[in-house]
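No hydrogens, no waters, no symmetry mates; every other heavy atom, side chains included, goes into these values.
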Amino acid sequence: MLSKNSKLICKAALVAGLTIATATQALALSCVPMGPGDVYRIVSDSEDPFLVIEGRVSFDETLLPQYSDANSRATEKPTEIPAQVTGLLLGARMFDQPVEGEITLEAHCLGPWCGSLVSGARYLFFARQAEDRVVAVVEPCGGFFFSAEDGSAGDTVLQCHLGGICPSQLPDSLEGAVTPLAED
């Protein structure tokens, strides 16, 4: 279990806005830009436990869902993908708890658009602690995953975590926005 000695952060219902998207045309997906500060605030207000991890995620990229007109219903349900993570877990004051182990990537599609990641890349991500496993949602608009290559996502989350200014990338109005993920 990855939550050893960590401060659990609560999850917001997926419907609450982590993955807000709007379809502006028949063949376009327009995503509301959410930053790590936005996601941190949302999951902090949730009742479900979340972990914040900064590290390398490795998995078989061929298992990511791919939309097909021939079988469009095949991507309606999330695809679970086993993955390995090596990195640091957010503790009481900083990313200071080494973590290495298996997580489950839950890859979602919204119509023909599917979430994707690059295996072996460094990410800052928010993962739900679910019973005896850790689940991280991968969706078309990014949502839970941010590049950790330059460290800025981690800096933003630490600033929020320590009570500092928690910057937002959300627009002032979400009128007309839809949430692509429904709560299970």
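The minimum heavy-atom distance between E54 and G154, with the atom names listed, is OE2-CA, 3.6 Å. Between T156 and G37, the shortest heavy-atom distance links the atoms CG2-N, 3.7 Å. Across all non-hydrogen atoms, the minimal contact from A127 to V134 is CB-CG1, 3.4 Å. When all heavy atoms of F146 and A153 are compared, the closest pair comes out as CB-CB, 3.9 Å. Heavy-atom minimum distance, C114 versus P65: CB-O, 3.6 Å.
Here the side chain of D45 pairs no donor or acceptor atom with the backbone of I42 at under 3.5 angstrom. A distance-only check finds a donor-acceptor pair linking the side chain of R41 to the backbone of C166 [under 3.5 Å]. With Y123 contributing its side chain and F144 its backbone, the two residues share no donor-acceptor pair below 3.5 Å.
Between the CG atom of L105 and the OG atom of S116 there is a distance of 11.5 Å, given to the nearest 0.5 Å. Within the model, atoms CG of D38 and OG of S168 stand 3.5 Å from one another, a figure rounded to the nearest 0.5 Å.
Contact annotation: the side chain of Q169 never approaches that of M34 to less than 4.5 Å [non-hydrogen atoms, C-beta and beyond]. A heavy-atom distance below 4.5 Å is found between the side chains of V99 and I53. Annotation: side chain of P167 is in contact with side chain of Q159 (closest heavy-atom distance under 4.5 Å). Counting heavy atoms from C-beta on, the side chains of I103 and V135 never come closer than 4.5 Å.
Every residue two or more places apart in sequence or in another chain that forms a side-chain contact (heavy atoms from CB on, under 4.5 Å) with E80 is listed here: T104, E106, R133. Shown here are the side-chain contact (heavy atoms from CB on, under 4.5 Å) partners of S119, two or more places apart in sequence or in another chain: S58, F59, E61. Looking at residues two or more places apart in sequence or on another chain, you find no salt bridge (charged side-chain N to carboxylate O under 4.0 Å, His left out) involving R56. Under the side-chain contact (heavy atoms from CB on, under 4.5 Å) criterion, D150 pairs with S152, sequence neighbours left out. Evaluation of the ring-ring contact (aromatic ring centres under 6.0 Å, His included) rule for F125 yields F145 as partners, not counting sequence neighbours.
In the hydrophobic clustering of this structure, L162 does not group with V157; members are Ile, Leu, Val, Met, Phe, Trp, Tyr whose side-chain heavy atoms approach within less than 4.5 Å, directly or through other members. Linking ILVMFWY side-chain heavy atoms closer than 4.5 Å, directly or via other members, places Y67 and W113 in two distinct hydrophobic clusters.
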Side chain to side chain contact (heavy atoms under 4.5 Å, CB included) between T79 and L63: does it pass, once the steps are laid out?
CA-CA 8 Å; T79 301; L63 298 177; 5.5 Å; no

Counting only pairs under 3.5 Å, give me each side-chain donor-acceptor contact of residues 81-95, with atom names and distances, residues two or more places apart or in other chains.
none

